[in-house]
Amino acid sequence: MSTETQPQEKKSYKETLNLPQTDFAMKADLVTSEPARLQKWREMHLYKRLLLARSESPKGKWILHDGPPFANGDIHIGHLINKTLKDVILRFRTMQGYQTPYVPGWDCHGLPIEHKIQQELGPKLREMSTVEVRRKCHEYAAKYVKIQSEQFQRLGILGEWDDPYLTMEKGYEAGTLEVFAKFVENGLVYKQLKPVPWSVSNQTALADAELEYKDVEDPSVYVEFPAVDPVRLHEVFSGGMGKSELPVSFLVWTTTPWTLPANLAIAVHADVEYALVAYDERAVVLATDLVKQVFALRPDLRHDIIATVHGRDLLGLQYRHPFIDRVGRIVEAEYVTTTDGTGLVHTAPGHGEEDYNTGVREGLETYSPVLANGRFDDTAPEFVRGKTVWEANPLIAQNLKDQGALFAEVKIRHSYPHDWRSKKPIIFRATEQWFIAMDKPFSFEGEAETVSMRERAKRACSDHVDFVPDWGRARLLGMLESRPDWCVSRQRAWGLPIPVFYNDKDEPLLSKESVLAVSHRFREHGSDAWFTLSPQELLGHDFPYPPGFEPEKLRKEQDIFDVWFESGSSWHSVLQRRTYLQFPADLYLEGSDQHRGWFQLSLLPSIGFNGVAPFKAVLTHGFAVKPDGTKVSKSDKEYVTATQEIDRHGADVLRLWCCSVDYQHDLPVSPAMIKEFGDKCRKIRNTLRYLMSNLYDFNPQTDAAQVTASSLDGWASAALDKLIVEVTAAYEQYELHRVFRLLHEFCAVEISAIYGNAMKDRLYCEAPDSPLRRRSQTVMHRMLVAITKLLAPMLVYSADEAWEHIQHKPLEDARCESVHLTLLPQPSGEEVSEKQEAEWRLIMELRDQALLQLDKLKKEAGLNKALDAEVIFYVDDAELRRHLEAYGVDLADVVGAGFHSFAEKDTPGPAVEVKVLDRRETYAVCARSWKRRPDVGSDAEYPDLCLRDALAVKGLKK
RNA sequence: GGGCUCGUAGCUCAGUUGGUUAGAGCGCGUCCCUGAUAAGGACGAGGUCGUACGUUCGAAUCGUAUCGGGCCCA
């Protein structure tokens, strides 16, 4: 018969147990608790306290320089990813002992804000002065700086929020001009007519970063450019043998018919084979490979290839423009292909980057007869004069048709650049722009050799910068290799004016001294001074004017800087001007799009100013994508609204999600995925809570016990050491997803499923100060402190809350009011032998086997409680048996059994075999520990208890 | 079209210099416990490692091609 326990007795013994106690709530309620904790941090000046605490640190400073987000709109998932990664890494460095001042920044100037203000003002805009518009833009930017600042702080980002850097702030503006002055001094700044991407709707040049490529349908035309000397052309094709006067044309294809008035040349590839094709009493020249394809457009025409030559044979031949009285010639270009078109490329140096380069080489004019508003000027043929380029497209096609020069017209779908703000297609237009030369050699004072910006930047990138991931280096190098000269001018109002003055002959006054003079003025008054002060006031009364420049007759430049020049100079205005920071930064951390953006455009100014990179290391992360791996847009169901998700789940949940994904690649995310991380937070929180609740009566200073290797405590302690080492290494390598995985798994498996579970019996049932219980508490206390600290950089709120509930913190942490003020945990230093590891592995294997048997007994015999079972270990080897016996009650507890025993092994096989037996019919159950044991009833005073529990209860009575 | 890059269970990740039946956690399913309880435990089902060739005695791991993503550029 099984021995049933009376319900009443159960109750009475419950009072004698050491059941868990804690005020640390199981339910986190992050949504309300986080803002309260944030407020607490503000009141205690956590950020400043941290800087102070590390001010004498032998580790010194570690600087992460913040890339400034644009001050526009609420923060989105991309901001969240970026700022969270920065914050986690900074907090890790702080806990390593570094002092980590972090100054967040914002990019405040630029088209997007100006565009917004234009929309808000509408027609009123025309009545307002530039300064008034700029004031509106300033207000707008300031408003969003404040909004985003609040949102970042809510996310738990720690930093100098009461004094961030703003690119529109006057000291910052002055700093940007200081950087520019150096470029002027080094002779790298020049002004030139050059085709640039031009936004017709905004009447401004655009940066590459301001272009968006979209698929659109455009008219494409195949145009015949008649050869000036057909006889000679026939000779070229016949090798001088044949003579013919059949009219010949060069067949050219373009998707931008409106650029044809600016055509000055036709480019061919020297190695490509070109054919002379006769049709309909005339002939055309085009690439042999494309004859079939092109004539397929005109199935009505019978055609014959007469002869072929190579492109180089055509060089120098002349053609007549079909509707302008002008002669052009055939030139060579590398970029000519035979994948589409005709293999002869219409070249208008005023309307394209490649065309421009060809034009410069061939000595052609940079001609573009298009005005800023997108309409043709007076130099254009009469039939398009005053028309917009888009209106001109059909007119030109019609004109060609009338001339008999239109071979074919085909609608084509292709990718074409658009203005990122107005979403309208852009044009390339030659305008006067300011440039920074990439290939002009220069030297700094004391430098023997002269080296170009491009070369210097590449050297810095190759030899002095670490990249995470390391392919970032190749990517940045590739961009430095191919980038054109930097066009730094924009025709806008909301930005930093380019400090150039012109005399009445339009000659520029631009020198290191003139720029620095204006910089001083800006440091005092801000860049609005450019619009409110006269040139004399800007330059100062003692400015030494060069000959030919009379102060009263000076005119101010109207262009402003490319915003990238401003944000790219932040290392100067921030790192070099704020003396508590350091240059160069230890780390720049941004999305991988910034290889082209901020990384490159910070590297270049720093190279020009300092000769070195502004960063020692560059870390990039990927982009948020939908769970299927494709791009997200706001209209998608999977779109994650960062602020909304924080309000719904709490910042810690978002932060944990962010840290769980390998950010080197794309980060798949959806609201459903975020939600799952609530579960993971809870698991971690409950694990901490469990540890904590069993330490309510434990003080490590007085109660700590020696941890022996031959015990689960020894195993757990070693596992914790390993965890500390691995997590620290993962943080060090910025592999945050590994940190998360290690910690989460440790909580779920090592603690929750194995160790914590096994310790329950002794924690609850042993006498409070029994050595076995104290030993376990010793390990659990160390575990709790260490894990809370390791979690702190990620789960900033939850870890800090847990920290508050830990009693009797280690001495070195005693004065740390917040977990964020502490240093990382260190491993115990206990050496673990290979043999010991093997022994623990054996025990875990035996545990697995026992659990399987237990499960079988449960299914087959209805044995639902492991406490009703006995585990028998069959061992022959005396030494091994002695080793295992040292684990004592651990051997039963590790599988949750009531009792364990050893027996002689009578069969061959593994050194140890384990067997689980159902003891419901054999032993009585202890009414207090619920374990079935042979020693239940041994104590006459407590016949319903096992020996250990009887003693424990007696102990309590004393 | 070009540069860089990614593609292992529903999800997030491990898989050392190519070597036995590809692992973990979560999620899911089934069950148990009710002294971590809006907690905890056990067991289980899930993958032809994007696809196709190739190198090799042997490939998730090397090579080529291809498909599908992402970032940047044209």
Side-chain angles (χ1 to χ4, degrees), chain A residues 10-11 13-22 24 26-27 208-209 211 213 335 337 339-340 352-354 414-417 469 471-479 481-483 591-597 600 620-632 657 659-662 664-670 672-673 676-677 679-680 682-683 685-694 735 737-738 740-749 751-754 756-761 763-765 848 850-852 854-856 858-859 862-867 895-896 928-930:
Chain A
K10 263 190 189 176
K11 246 185 179 170
Y13 284 116
K14 185 169 181 176
E15 302 307 314
T16 70
L17 296 171
N18 321 303
L19 291 179
Q21 298 172 24
T22 180
F24 187 58
M26 178 180 286
K27 196 166 179 300
D208 295 340
L211 304 184
Y213 285 81
Y335 51 80
T337 65
T339 49
D340 50 17
E353 181 78 29
E354 288 178 328
H414 64 157
S415 178
Y416 191 83
W471 47 259
R473 184 193 318 278
R475 194 168 179 190
L476 192 46
L477 278 172
M479 287 169 177
E481 183 64 57
S482 63
R483 69 150 300 132
S592 63
D593 56 336
Q594 299 303 334
H595 283 113
R596 183 161 203 89
Q600 188 197 176
T620 54
H621 61 256
F623 282 72
V625 292
K626 285 190 275 187
D628 68 359
T630 58
K631 215 180 165 119
V632 264
W657 163 74
C659 293
S660 75
V661 191
D662 183 356
Q664 292 192 10
H665 315 303
D666 301 326
L667 294 89
V669 62
S670 67
M673 286 172 72
E676 280 181 29
F677 281 82
D679 292 341
K680 296 178 169 69
R682 246 165 274 137
K683 181 72 186 188
R685 186 184 176 91
N686 271 314
T687 306
L688 295 179
R689 182 171 183 270
Y690 177 71
L691 294 174
M692 206 176 299
S693 64
N694 283 298
E735 293 184 346
H737 67 287
R738 260 187 70 211
F740 162 76
R741 191 165 46 80
L742 286 165
L743 287 169
H744 181 257
E745 252 180 75
F746 194 83
C747 286
V749 180
I751 303 183
S752 192
I754 303 176
N757 225 16
M759 293 301 108
K760 271 184 188 174
D761 173 74
L763 289 167
Y764 300 172
C765 303
D848 288 341
L851 286 176
L852 281 174
L854 219 37
D855 191 58
K856 204 173 166 208
K858 184 167 99 182
K859 280 171 182 153
L863 179 80
N864 287 331
K865 288 193 248 183
L867 289 170
V895 292
R928 186 163 174 272
S929 69
W930 300 344

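Every chain is numbered from 1 and lettered A, B, ... according to where its sequence line falls, protein lines coming before strand lines.
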When all nucleic acid strands are considered with a 4.0 Å heavy-atom cut-off, which category describes [X]: base, sugar-phosphate, or nothing?
X: A/K856; result: nothing
X: A/T620; result: nothing
X: A/N686; result: base
X: A/S693; result: nothing
X: A/L854; result: nothing
X: A/R928; result: base

Nucleotide paired to [N] in any strand shown, Watson-Crick or G-U, under 3.5 Å:
N: B/C43; result: B/G29
N: B/G23; result: B/C13
N: B/C53; result: B/G63

Fit a plane to each ring of A/F623 and A/H621, take the angle between them on a 0 to 90° scale, and name the class: parallel (under 30°), tilted (30 to 60°) or perpendicular (over 60°).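 Rings of A/F623 and A/H621: tilted, 30 to 60°.
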Each nucleotide of nucleotides 1-14 of chain B classed B (base within 4.0 Å of a protein heavy atom), S (only sugar-phosphate) or -, in 5' to 3' order, makes --BSSS----SSSS
Can you find a side chain N or O atom of A/K27 that sits less than 4.0 Å from OP1 or OP2 on B/U37?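 No, outside the criterion.
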